[in-house]
Amino acid sequence: MFAFNFNKITMPIFYGKAALIDFLNSVKTSHSTIGFVPTMGALHQGHLSLMQQSLAENNTTVVSIFVNPTQFNNPEDLEKYPRTLEADTQKIADLDKNIIVYAPSVEDIYEGKTVSQEFDFDGLENQMEGKFRPGHFNGVGTIVKRLFEIVTPNNAYFGEKDFQQLQIVKKMVSKNQLAVNIIGCEIFREANGLAMSSRNERLSKIEREQAAMIYQTLLEAKEKFKTQSCEEVKNWVKEVFQSNSIFDLEYFEIADEATLLPCVEQSKNKNYRAFIAVFVNNIRLIDTISLK
Ligand code: PAF
């Protein structure tokens with residue numbers, strides 16, 4: 001059973017897991033695959049590109065739209081997170097009406113106990129986002145595991161903008177021996193280089209233009225990393241942001257992609273990546289770049 005809820009949009013939208021599970025059981029065969037794109041809605045081109053990849057690689061594509069309360073350490077951020085289900089559904093329908101949307105309630109997911117499971121991600125959770133957003137990755141692990149149990153995807157697609165999340169999801173999958181491939185997808189950027197994010201909607205036009213500096217600084221940091229030490233590059237980035245009052249830099253880090261441990265001295269055997277979190281008028285933006 002599915003609901004055709006919004007005027008003019010005829011596509012399957014499930015609000016409850018029982019009906020979704022029944023439906024997926026009815027379409028699954030031993031040769032078919034399910035691709036899954038978990039989202040918190042407020043969809044942008046970055047999300048749509050994940051869906052396109054899933055459509056190209058699977059027989060069935062499921063997209064979840066759920067603002068997961070347990071991954072927000074800041075109640076104001078949770079309250080202000082954009083909720084635009086009707087517009088989101090329209091964007092999905094415009095892309096492909098065969099995509100299956102799962103837009104559950106908190107009750108459907110948490111069944112009266114809106115709490116996170118405790119995970120051990122071998123220390124990946126203690127760096128960067130984990131340091132500044134206590135409990136965040138337990139919330140992410142909890143919801144992603146729950147959604148995987150419901151959707152039973154063969155392939156699941158995550159954007160590389162949240163690179164730490166991507167590594168954590170891979171760790172959760174390998175530790176729990178879940179039969180799902182985790183596929184990291186390139187960051188989608190606005191024309192000025194700003195990484196696409198649902199939070200960009202909260203920026204004014206001028207702030208959105210100014211925020212382009214985040215990516216420009218990452219590109220310059222990448223250049224400097226060819227000849228300078230980790231410490232020198234980190235200090236340079238801090239100075240850049242200190243001298244610009246519209247930004248409040250939370251962290252800039254250079255870390256080993258595999259362990260996410262901060263770079264102390266460059267080693268040739270490691271792949272490094274720069275990570276940044278910065279506030280623009282109280283709106284928290286993150287970005288990342290490979291330093292290879
Ligand atoms: O990246 C996100 O949008 C969320 O963290 C996710 C993976 C959908 C879990 O709520």
Side-chain angles (χ1 to χ4, degrees), residues 14 17 20 35-51 53-54 61-74 77-85 87-89 91-92 99-110 114-117 119 121 124-125 128-130 132-151 153 155-173 176 178 180-188 195-202 275 277 283-288:
F14 292 88
K17 57 181 177 293
L20 175 68
F36 178 45
V37 182
T39 82
M40 296 206 298
L43 301 179
H44 49 69
Q45 198 52 44
H47 294 115
L48 299 179
S49 73
L50 303 183
M51 294 175 208
Q53 190 166 340
S54 173
T61 289
V62 180
V63 173
S64 63
I65 299 178
F66 179 65
V67 181
N68 172 38
T70 63
Q71 72 187 74
F72 285 82
N73 56 311
N74 175 348
D77 198 20
L78 171 60
E79 193 204 316
K80 292 208 168 135
Y81 203 88
R83 288 159 174 86
T84 54
L85 184 59
D88 290 342
T89 318
K91 284 179 192 166
I92 297 172
I99 293 176
I100 291 149
V101 178
Y102 176 43
S105 61
V106 171
E107 180 56 31
D108 193 53
I109 293 289
Y110 285 101
T114 314
V115 287
S116 295
Q117 194 184 324
F119 290 91
F121 299 113
L124 294 176
E125 71 277 30
M128 299 172 294
E129 290 299 285
F132 288 92
R133 303 183 68 187
H136 170 66
F137 286 121
N138 279 330
V140 170
T142 303
I143 185 63
V144 172
K145 187 159 172 276
R146 189 83 198 97
L147 290 168
F148 283 177
E149 284 159 3
I150 294 167
V151 178
N155 300 306
Y157 298 82
F158 292 82
E160 281 189 351
K161 180 168 79 70
D162 298 291
F163 190 86
Q164 189 172 8
Q165 166 174 282
L166 175 64
Q167 298 299 67
I168 278 186
V169 169
K170 284 182 180 167
K171 181 70 76 182
M172 189 268 289
V173 164
N176 290 279
L178 305 181
V180 49
N181 301 313
I182 303 303
I183 298 161
C185 305
E186 248 177 61
I187 300 176
F188 230 82
M196 288 207 181
S197 162
S198 307
R199 289 191 170 90
N200 295 356
E201 294 308 313
R202 292 170 54 201
F275 297 84
I283 298 153
R284 190 173 186 277
L285 304 174
I286 62 168
D287 203 347
T288 177

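Counting starts at 1 for both ligands and their atoms, in listed order. Just so we're clear, the structure is a prediction, and the values are computed from it rather than from any experiment.
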Practice prompt. Work out which heavy atom in Val67 is nearest to a heavy atom in Met40; give both atom names and the distance.
Written response: CG2-O, 3.5 Å
Worksheet entry | For Lys91 against Leu43, the heavy-atom pair lying closest together | NZ-O, 2.8 Å
Response to the item:
Sequence neighbours excluded, the answer for side chain to side chain donor-acceptor pair (under 3.5 Å) partners of Ser64 is none
Worksheet item: Any side-chain donor-acceptor pair under 3.5 Å between Asn68 and Tyr81?
Response: no
Worksheet item: Without hydrogens or angle criteria, can the side chains of Asn181 and Tyr157 be said to hold a donor-acceptor pair below 3.5 Å?
Response: no
I'd like a table of the close N/O pairs between ligand 1 and the protein (anything under 3.5 Å), one pair per line with both atom names and the distance.
residue  : atom   : partner : partner atom : Å
ligand 1 : 1 (O)  : Gln165  : NE2          : 2.8
ligand 1 : 5 (O)  : Gln71   : NE2          : 2.9
ligand 1 : 5 (O)  : Gln165  : OE1          : 2.7
ligand 1 : 10 (O) : Gln71   : OE1          : 2.6

Worksheet item: Does any N or O in the side chain of Thr84 come within less than 3.5 Å of the main-chain N or O of Ala87, such that one atom is a donor and the other an acceptor?
Response: no
